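Notes follow the structure.
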Amino acid sequence: QVQLVESGGGLVQAGGSLRLSCAASGRTFSSDGMAWFRQAPGKEREFVAHISGSGNNKWYADSVKGRFTISRDNAKNTVYLQMNSLKLEDTAVYYCAGRWTTGPITENYDYWGQGTQVTVSS
């Protein structure tokens, strides 16, 4: 059974930075595409970023492009989300997800983490 455990969330002032981590276990991690999603209170879950199994290809939501960076270390079975220039609207629960299936990168993920809260204050 695949497990994802996110960490690194917390409270940060607007303009600050946070680095989220997502540790995977129970599966050959390097063959899976990995992504970050987020869900703000009262809103639907939204796609944030995706990285291919090799780490060579990355995609970002327009709302975070230029501010967030997704990366992975397959030797450590871990994917990261570096978040810079944080804005109030980045406040959300951030979820890590992985998949071995194909399809649009904004959907069709096979396993999910439990989420980590990110709160950006003014």
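For clarity, every value in this text was computed on a predicted model and none was experimentally measured. Quick note: numbers below take in every heavy atom, side chains included, and nothing from hydrogens, waters or symmetry partners.
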Shared ILVMFWY cluster between [X] and [Y], side chains joined below 4.5 angstrom?
X: Val2; Y: Phe29; answer: yes
X: Trp59; Y: Val79; answer: no
X: Trp36; Y: Tyr80; answer: no
X: Val118; Y: Ile70; answer: yes

Can you tell me how far [atom2] of [Y] sits from [atom1] of [X], rounded to the nearest 0.5 angstrom?
X: Tyr111; Y: Gln3; atom1: OH; atom2: CD; value: 12.0 Å
X: Lys58; Y: Ile105; atom1: NZ; atom2: CD1; value: 13.0 Å
X: Ser30; Y: Asp73; atom1: OG; atom2: CG; value: 11.0 Å
X: Thr78; Y: Leu20; atom1: OG1; atom2: CG; value: 12.5 Å

Review item, side-chain donor-acceptor pairs of residues 87-94, under 3.5 Å, at least two apart:
unit_1: Asp90; atom_1: OD1; unit_2: Arg38; atom_2: NH1; d: 2.9
unit_1: Asp90; atom_1: OD1; unit_2: Arg67; atom_2: NH2; d: 3.0
unit_1: Asp90; atom_1: OD2; unit_2: Arg67; atom_2: NH1; d: 2.7
unit_1: Asp90; atom_1: OD2; unit_2: Arg67; atom_2: NH2; d: 3.4
unit_1: Asp90; atom_1: OD2; unit_2: Lys87; atom_2: N; d: 2.7
unit_1: Thr91; atom_1: OG1; unit_2: Leu88; atom_2: O; d: 3.0
unit_1: Thr91; atom_1: OG1; unit_2: Val120; atom_2: N; d: 2.9
unit_1: Thr91; atom_1: OG1; unit_2: Val120; atom_2: O; d: 3.4
unit_1: Tyr94; atom_1: OH; unit_2: Arg38; atom_2: NH1; d: 2.9
unit_1: Tyr94; atom_1: OH; unit_2: Asp90; atom_2: O; d: 2.6

Tell me whether Arg72 contacts the main-chain N or O of Gly33 through its side chain, where contact means a donor paired with an acceptor under 3.5 Å.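 No.
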For this output row, return yes or no: ring centroids of Phe37 and Trp112 closer than 6.0 angstrom. yes
Between Leu4 and Tyr95, does a side chain to side chain contact (heavy atoms under 4.5 Å, CB included) hold up when you go through it step by step? CA-CA 9 Å; Leu4 296 176; Tyr95 298 91; over 6 Å; no
Apply side chain to side chain donor-acceptor pair (under 3.5 Å) to [X] and list each qualifying residue two or more places apart in sequence or on a separate chain.
X: Gln39; answer: none
X: Lys43; answer: none
X: Asp110; answer: Thr101

Salt bridge (charged side-chain N to carboxylate O under 4.0 Å, His left out) pairs, two or more places apart, involving residues 12-37: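 Those involving residues 12-37 are Arg27-Asp32.
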Nearest heavy-atom neighbours spanning [X] and [Y]:
X: Val48; Y: Val64; result: O-CG2, 3.6 Å
X: Gln82; Y: Ser17; result: NE2-CB, 3.9 Å
X: Tyr60; Y: Phe68; result: CE2-O, 3.3 Å
X: Leu81; Y: Ala49; result: CD1-CB, 4.4 Å

Using residues 6-14 as the side-chain source, report each donor-acceptor pair under 3.5 Å to any protein atom, sequence neighbours left out, with the distance given to one decimal.
unit_1: Glu6; atom_1: OE1; unit_2: Gln114; atom_2: N; d: 3.0
unit_1: Glu6; atom_1: OE1; unit_2: Gln114; atom_2: NE2; d: 3.3
unit_1: Glu6; atom_1: OE1; unit_2: Gly115; atom_2: N; d: 2.9
unit_1: Glu6; atom_1: OE2; unit_2: Cys96; atom_2: N; d: 2.8
unit_1: Glu6; atom_1: OE2; unit_2: Gly115; atom_2: N; d: 3.2

